[in-house]
Amino acid sequence: MIIEDARLDEIREFLPEWLERSRQEAAAGEVASYIPELSKAPREALGIHLLDKHGDSASAGDCGMAFTLQSISKVFTLILALMDNGEDAVFERVGMEPTGDNFNSMLKLELVRPGIPFNPLINAGAITVSSLIRGSTPEEKSARILEFFRKLSGGSPLEVNEAVYRSEFETGNLNRSIGYFLVENGVLNDSVEDVLSVYFRHCSIEATCRDLARMALVLAGDGTDPLSSEKLIPRRYVQIAKTFMITCGMYNASGEFAIKAGLPAKSGVSGGILTFVPGALGIGVVGPALNAKGNSSAGVHLLERLSQRMDWSLF
Ligand code: DON
């Protein structure tokens, strides 16, 4: 599919009304509370920002609201780990298959040999990926991640939300269990606490829908930022990231989202969704109320309707 014109004029006309319709879907969802700080997010919020390769944009709703990237960050730490280590070294430690299980499930870790995580977007895989980021201390790794994310967002002054970081650090016992399990299986060689501090920190990087759209725009092409013409990611690693977004990006709802919206996407438990229309648009969405699969209820509703109306499906 080649889209020459992203038709933002058309989208601007109906977007505010469609967003208000989708906002009603928030009533069916719940704001994540297993990281206590996240439960403060407004349940009814919904925002979207769409950005094309010429810098034109359309936005609606609570698009200025800041939220933490959570699992959306996993796409970009995977890319950085690939840039740091190459494909072979990363996939020695993390698999390429969807699990069909919850993002924090340990079930499949026990079922396969040699016990490596199924893919880099579930927690076990993303924790492993965090350990592969180059840097001699957790602080150095975290600083490199933040610098990479700022570059991808077009120089936005992204920062870690320290309250969310501490909240997850203090309560993240399931992720600690996963970490120790990975040490036991020889997948992780570093201190679990050090790796988790890198992992929790990148999950706690705060952004807006505009930042997400700008980061997504780099993936919408071949890894070049279309607005600065700077090559930020090798094409091969963009291909890998996009493929994981299709197969695993919406967790155990990835198949359904691929059928209904047909776009590569990555969600986070703060209610963010990063997606793009290949070659045409970067899109950031936030809606903190989550459905049973852990994806934004209202955000998924809005994206599926938008994609169907604009005929964006890849397939
Ligand atoms: O590790 C966690 O549980 C969170 N920091 C990230 C989880 C997440 O966003 C899952 N996504 N839907």
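As the structure lists them, so they are numbered: ligands from 1, and atoms in each ligand from 1.
Under the 3.5 Å distance criterion, with hydrogens and angles disregarded, a donor-acceptor pair is assigned to the side chains of Gln239 and Arg236. Using a 3.5 Å distance cut-off with no hydrogens or angles, the side chains of Ser197 and Asp194 do not pair a donor with an acceptor.
Checked against a 3.5 angstrom limit, the closest N/O atoms of Glu168 and ligand 1 fall inside it. Ligand 1 has no N or O atom lying under 3.5 Å from any N or O atom of Ile35, backbone or side chain. Polar contact with ligand 1: present for Tyr34 (N/O pair, distance under 3.5 Å).
Using a 4.0 Å cut-off between charged nitrogen and carboxylate oxygen, Arg201 and Glu162 count as a salt-bridge pair. Ion pairing between a basic and an acidic side chain is recognised when a charged N comes within 4.0 Å of a carboxylate O; Asp311 and Arg7 show no such pairing. A salt bridge between Arg23 and Glu20 is present, with a side-chain N of the basic residue lying under 4.0 Å from a carboxylate O of the acidic one. Here Asp211 does not pair with Arg214 in a salt bridge; the nearest charged N to carboxylate O distance is not below 4.0 Å.
Both tests pass for Arg176 against the ring of Phe169: distance under 6.0 Å to the centre and angle within 45° of the axis.
Phe200 does not count as a contact of ligand 1, since none of its heavy atoms falls under 4.0 Å from the ligand. Ligand 1 lies out of reach of Asn104, whose nearest heavy atom is not under 4.0 Å from it.
Residue Gly294 approaches ligand 1 through these ligand atoms, each under 4.0 Å from one of its heavy atoms: 12 (N). Close contacts between ligand 1 and Phe103 involve ligand atoms 3 (O), 7 (C), 10 (C) [criterion: under 4.0 Å to a heavy atom]. Near Gln70, the atoms of ligand 1 lying under 4.0 angstrom from a non-hydrogen atom of the residue are 4 (C), 5 (N), 6 (C), 9 (O). Contact atoms of ligand 1 toward Asn123: 1 (O), 2 (C), 3 (O) (distance under 4.0 Å to a heavy atom of the residue).
Atom 10 (C) of ligand 1 has its closest protein heavy atom at Ser71 OG, 2.7 Å. Atom 12 (N) of ligand 1 has its closest protein heavy atom at Tyr251 CE1, 3.1 Å. Looking only at heavy atoms of the protein, atom 1 (O) of ligand 1 is closest to Tyr199 OH, 2.5 Å.
Of the heavy atoms in Ile72, none comes closer than 4.0 Å to ligand 1. When non-hydrogen atoms are compared, ligand 1 lies under 4.0 Å from the side chain of Cys203 (C-beta onward) but not from its backbone.
Phe103 and Tyr251 have tilted rings, their planes meeting at an angle from 30° to 60° on a 0 to 90° scale. Between Trp18 and Phe14, the ring planes are tilted. Angles from 30° to 60° get that label.
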